[in-house]
Amino acid sequence: MRTSWADAVAAENAASGSSNINGPGGAPHPGRSSYVPPHLRNRPPASDPPAPSYSGPTSGNDRLGYGGPTSELRSGGSRPDYGHQGYVGVGGRGRGGVGGWSSRGGGRDFGREREVNPFDNNDVDNETEPAFDEQENSGINFDAYEDIPVETSGENVPPPVNTFAEIDLGEALNLNIRRCKYVKPTPVQRHAIPISLAGRDLMVSAQTGSGKTAAFCFPIISGIMRGQFARPRGYRTVYPLALILSPTRELSIQIHEEAKKFSYQTGVKVVVAYGGAPITQQLRELERGVDILVATPGRLVDLLERAKVSLEMIRYLTLDEADRMLDMGFEPQIRRIVEQMDMPPRGVRQTLLFSATFPKEIQRLASDFLSNYIFLAIGRVGSSTDLIVQRVEFVHEYDKRSHLMDLLHAQKANGVHGKQALTLVFVETKKGADSLEHWLYTNGFPATTIHGDRTQQEREQALRSFKRGNTPILVATDVAARGLDIPHVAHVVNFDLPNDIDDYVHRIGRTGRAGNTGLATAFFNENNSSLARPLADLMQESNQEVPAWLTRYASRASYGGGKNKRSGGGGRFGGRDFRRDGSFGRSGGGGTDYYSGNSSGGYGVSGGYGGGHGPGVTSAWD
DNA sequence: AAAAAAG
């Protein structure tokens with residue numbers, strides 16, 4: 001009987017003043033060939049000092065020794081055991097040589113010896129003052145989530161949970177959740193985790209900054225911890241069990257860092273692969289064993305072509321920023337990876353799609369990858385959250401720089417916590433980014449820039465420098481629009497507005513994260529007239545003050561209603577399951593009652609149906 | 001038209 005998570009967290013924090021769990025003074029790491037008996041695998045090495053408040057035999061009893069069915073991945077799942085019987089359930093073999101059998105995560109046993117403690121980081125977050133840090137890291141402001149509307153559709157939706165303690169994720173993962181100071185699950189976690197633990201496919205639209213990464217990582221890590229997956233071992237080919245794809249390298253890096261924290265000392269190995277960096281180091285990491293592979297599409301295709309990676313054993317597929325992954329630029333690559341390589345088909349693997357926005361036409365595409373899925377929308381209409389104060393100012397093109405200068409001067413005077421608040425400035429083009437950065441710099445504002453024409457090293461350096469506050473202004477293209485979690489971004493400036501309202505939603509979502517407030521300022525002029533209507537609608541839905549001139553602009557422009565049209569009579573819920581649109585389902589159960597709003601009965605057709613053309617309504621949910 | 005993603 002656990003008391004409360006809050007207590008546990010408090011105890012953990014009190015005890016962990018300097019928790020060097022895996023200190024350099026640990027055991028000399030055994031040679032590659034040392035055999036670890038099955039019953040000792042997945043345990044922290046005996047020579048390691050125990051983690052603080054890591055009391056009793058908490059580990060080991062729910063992992064490899066786990067008494068559940070060995071060949072059944074998910075308790076609630078009813079997937080066929082797809083042709084891998086020979087591979088599954090043979091746990092207990094030692095790691096063989098090349099071509100032999102390998103227990104899950106081959107190599108992770110010795111890998112654990114050198115597993116870096118991700119909670120003992122010297123990374124940028126720790127360089128800020130403790131008070132500042134504490135508030136940000138531990139502090140998800142849950143009051144901000146009190147009355148968030150939630151909508152689910154699909155068959156037999158598993159009910160949400162209210163606490164992490166209600167779900168049995170396994171001791172090692174629970175401990176990491178406490179180390180992360182997550183006291184209770186956010187709304188998207190409350191709903192999505194039980195659904196994925198039940199083995200169901202999922203399409204999630206949840207607000208920016210609402211905890212999506214943990215929502216998809218926890219069930220995957222937990223599932224891998226409990227399963228016994230022996231995998232074939234080809235000549236330098238590795239067989240990850242889970243694949244997480246994201247649209248930018250920096251986002252993949254970030255997901256990898258998060259996932260490593262969650263999987264610390266669980267025995268689950270997470271590796272990241274992305275372009276722009278030397279492949280050899282990534283290959284080395286892969287060869288040391290991989291359970292969860294986080295990747296950008298291009299580099300993954302490269303690895304697949306070189307037969308360094310096989311997707312044959314993939315049990316979990318996650319597309320983060322899924323609507324971006326399936327838009328024109330990425331779709332062919334994603335289809336290639338998911339449909340034309342050796343990945344198990346939908347219905348066999350479990351597929352999880354997450355984003356803040358999910359336009360209906362992309363939902364239709366996405367259903368190709370899903371099987372009898374549950375759609376989950378979390379957040380308020382207007383997308384991002386009313387935690388972000390949105391301002392729109394009419395600024396002519398030639399006035400933008402001096403206007404930006406005014407804003408920056410004003411907030412310099414206001415300095416937050418003794419340092420200048422971080423400001424993220426979005427522009428349209430890479431050249432524009434360079435030139436604005438240069439101009440700012442020469443005008444006394446320490447700025448840097450991130451965009452696709454910079455080397456990967458420069459990109460990562462720019463991001464680090466921004467996070468640390470060395471250059472508290474970051475000029476960015478859309479490469480930084482999605483998913484990046486940068487603490488202390490107080491202000492997002494849309495120096496150039498995007499053409500698509502969903503991009504706007506993602507950009508402003510770089511502030512106002514984890515329940516904190518933020519400010520977003522947009523420079524609007526005649527070049528942005530196509531955005532006037534959707535922007536005005538979005539702002540109204542998020543209870544923002546809409547300037548009269550923008551309303552006039554909105555009624556004047558865009559009579560036809562382009563793809564930016566978001567009204568569609570959608571009313572209060574922006575993130576709607578496209579399957580609810582009457583026009584869908586030409587053959588299946590045409591016109592029958594395939595939806596029911598709350599967890600019962602409902603949509604009775606398995607995924608993968610395309611028909612119908614709903615109105616091009618864009619979801620504003622993250 | 002632009003951005004991203006392999007080299």
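Computed from heavy atoms alone, side chains included, the values below leave out hydrogens, waters and symmetry copies. None of the values given here were measured: they were computed from a predicted structure.
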Report the residues that fulfil ring-ring contact (aromatic ring centres under 6.0 Å, His included) with A:F216, sequence neighbours left out, ordered by chain and then residue number. A:F354
Checking A:R401 now: which residues fulfil salt bridge (charged side-chain N to carboxylate O under 4.0 Å, His left out) with it, not counting sequence neighbours? none
Can you give one letter per nucleotide of nucleotides 1-7 of chain B, going 5' to 3': B for a protein heavy atom under 4.0 Å from the base, S for sugar-phosphate only, - for none? BSSBBBS
Which residues satisfy the salt bridge (charged side-chain N to carboxylate O under 4.0 Å, His left out) test with A:R454, sequence neighbours excluded? A:E458
Residues in side-chain contact (heavy atoms from CB on, under 4.5 Å) with A:D496, at least two apart? A:E397, A:K400, A:V427, A:E428
Sequence neighbours excluded, the answer for salt bridge (charged side-chain N to carboxylate O under 4.0 Å, His left out) partners of A:R306 is A:D302
